[in-house]
Amino acid sequence: ILVGTELNLACQSTHTYPPAQLSWYRDNKLVSKNYDTIESTKTTESIYRIAKLAPSDNRAVYRCNAINQAMDEPFS
């Protein structure tokens with residue numbers, strides 16, 4: 001990846017009941033809780049978009065967490 005370019009990170013949770021809630025973290029700090037759920041397939045999807053990568057994004061760690069009411073701990 002190059003500074004100044006766009007980066008899209010995708011996360012998907014499938015066949016979970018109830019559907020999972022997805023959240024994105026950058027270096028262990030919450031940066032997004034946006035996601036869409038497709039009820040017919042119990043699929044949850046999230047795209048985290050970085051419109052313009054900065055030098056500070058170098059070596060940053062991004063993580064997507066999925067959790068629902070049936071889980072004690074999120075999956076990453």
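Partners of Lys42 under the salt bridge (charged side-chain N to carboxylate O under 4.0 Å, His left out) rule, at least two apart in sequence or in another chain, are Glu39. By the salt bridge (charged side-chain N to carboxylate O under 4.0 Å, His left out) test, Arg59 pairs with no residue at all, sequence neighbours left out. When the salt bridge (charged side-chain N to carboxylate O under 4.0 Å, His left out) test is applied to Glu73, no partner is found at least two apart in sequence or on another chain. With sequence neighbours excluded, the residues forming a side-chain hydrogen bond (donor to acceptor under 3.5 Å, both in side chains) with Tyr62 are Arg26, Asp57, listed by chain and number.
Contact between Leu30 and Trp24 at its shortest, heavy atoms only, is CD1-O, 3.5 Å. Considering every non-hydrogen atom in both Ser56 and Ala60, the closest pair reads O-CB, 4.4 Å. Annotation for Asn34 and Ser46: closest pair O-OG, 2.7 Å, computed over non-hydrogen atoms.
Atom CD1 in Ile50 sits 5.5 Å away from atom CG in Leu9 (nearest 0.5 Å). Arg63 CZ to Asp27 CG: the interatomic distance, rounded to the nearest 0.5 Å, is 10.0 Å.
Contact of the Gln21 side chain with the Lys33 side chain is not registered, since no non-hydrogen atoms from C-beta on lie closer than 4.5 Å.
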For residues 11-20, please give each side-chain donor-acceptor pair under 3.5 Å, one per line with the distance, not counting sequence neighbours.
| unit_1 | atom_1 | unit_2 | atom_2 | d |
| --- | --- | --- | --- | --- |
| Gln12 | NE2 | Glu45 | OE2 | 2.9 |
| Thr16 | OG1 | Ala20 | N | 3.2 |

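Under the 4.5 Å side-chain heavy-atom criterion for ILVMFWY residues, a single connected hydrophobic cluster contains both Tyr48 and Leu53.
The hydrophobic cluster containing Phe75 also includes Ile67, Met71, under a criterion of side-chain heavy atoms closer than 4.5 Å among ILVMFWY residues, counted directly or through chains of members.
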